[in-house]
Every structure is written in C-alpha cells, then in structure tokens.
Amino acid sequence: QVQFVESGGGLVQPGGSLRLSCAASGLFLDDYGVGWFRQAPGKEREGVSWFSPSDGSSHYADSVKGRFTISRDNAKNTVYLQMNSLKPEDTAVYYCAANLMRRRVTGGEPLHEYAYWGQGTQVTVSS
C-alpha cells in the first residue's frame, strides 16, 4: 500500500520559516517526479515546487521562487520543502504527490498525472 504523509506545518509569523516533510512508503521516490502543491480556502490546488530524480533538477512556481527549496533524502525516502520568508499569501494546506508518468517534472504537468496525495499539512502565516 502506497502512502504519503506530510508533516511540519504550523503557525508562523510573516518572514518566518518552516520545513515540510513528505515521507513515502510503498514506493521508492527516486522512481517518480515529485511535486509539492498547496490549496488555500476557496482556491484551486496549485503547484509550488517539483523535483526530478531523472536529472536532480528542481523547479518552482514564480510566487515562491527564491524563498522555497525542495530537496530529497533517498535514504529516508522523504522529500522536503524548506520555506523561508513566508508571507500571509502562503497560507494553505500543503500536499505532496508523485507523478506516475514522468521522472522529470517541471511544473507544467496536469494534476491528473499525480497520485498518492497525502492528507496535507496546514501552514498558516499570520501575525
């Protein structure tokens, strides 16, 4: 059984930092492109960051570029999202998912290619 478990969210003041974790079981993350996504109340789910094990590349949405960093620990089968300089508009539930069709993902892939969504972790940026 494949399972993704996100953790690390919380309440943080603007300008603060959080590190999210996405621990996978039942599959090896190195076999799939992985994305972090977020969904704010009343808004559609949007992509935030993507990691490609095919070439070790990472990509970011314009809204988080320069502030967020995606990384992977193969030994722990876990993907991380380091979030710095957080803004109130970063408030959302954050999810990770695997792209079942590609090992190289850049952010242009449709959501239906992603699977094994976790339960998400809430990030709230507020003073």
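Hydrogens, waters and symmetry mates play no part in the numbers below; they use all other heavy atoms, side chains included. Predicted, not measured: the structure shown is a model, and the values here were computed from it.
Taken to the nearest 0.5 Å, the CZ atom of Arg38 stands 8.0 Å off from the CD atom of Glu89. One finds the CG atom of Asp55 at 9.0 Å from the CZ atom of Arg103 (value rounded to the nearest 0.5 Å). One distance of note links OG of Ser54 with CZ of Arg102; it measures 11.0 Å at 0.5 Å rounding. Of the inter-residue distances, the one linking Tyr94 atom OH with Ser21 atom OG reads 14.5 Å to the nearest 0.5 angstrom. If you take CZ on Arg19 and CE on Met83, they are separated by 11.5 Å, rounding to the nearest 0.5 Å.
Remark: Tyr32 engages no residue in a ring-ring contact (aromatic ring centres under 6.0 Å, His included) (not counting sequence neighbours). Qualifying side-chain contact (heavy atoms from CB on, under 4.5 Å) partners for Pro41, counting only residues two or more places apart in sequence or in other chains: none.
Here the side chains of Leu29 and Asp31 are not in contact, with every heavy-atom distance at 4.5 Å or above. In this structure, the side chains of Gln119 and Gln3 stay at 4.5 Å or more apart for every pair of heavy atoms. Residues Trp36 and Phe68 have side chains not in contact (no heavy-atom distance under 4.5 Å, counting atoms from C-beta outward). Using a 4.5 Å cut-off on side-chain heavy atoms (C-beta onward), Ser126 and Leu11 make contact.
Taking hydrophobic clusters as Ile, Leu, Val, Met, Phe, Trp and Tyr residues chained together by side-chain heavy-atom distances below 4.5 Å, Val12 shares a cluster with Val64. Put simply, Val2 and Phe28 are part of two different groups of oily side chains (I, L, V, M, F, W, Y) that touch within less than 4.5 Å, one to the next. Cluster membership for Val79 and Tyr116, using ILVMFWY side-chain heavy atoms within less than 4.5 angstrom, is shared. Residues Trp50 and Leu111 share a hydrophobic cluster, clusters being chains of Ile/Leu/Val/Met/Phe/Trp/Tyr side chains in contact below 4.5 Å. Hydrophobic clustering, with ILVMFWY side chains joined whenever heavy atoms are under 4.5 angstrom apart, keeps Tyr80 apart from Leu86.
For the pair Ser52 (side chain) and Val105 (backbone), a donor-acceptor distance under 3.5 Å is present. A side-chain donor-acceptor contact under 3.5 Å links Tyr60 to the backbone of Ile70. A donor-acceptor contact shorter than 3.5 Å links the side chain of Glu6 to the backbone of Cys96. Put simply, the side chain of Glu109 gets close to the backbone of Gly107: a donor and an acceptor are under 3.5 Å apart.
Pairs engaging residues 64-73 under the side chain to side chain donor-acceptor pair (under 3.5 Å) rule: Asp30-Arg72, Asp62-Lys65, Arg67-Asp90, Arg72-Asn74 [sequence neighbours left out].
Of the residues listed (Phe4, Tyr95, Tyr114), the one engaging Phe37 in a ring-ring contact (aromatic ring centres under 6.0 Å, His included) is Tyr114, and it is the only one.
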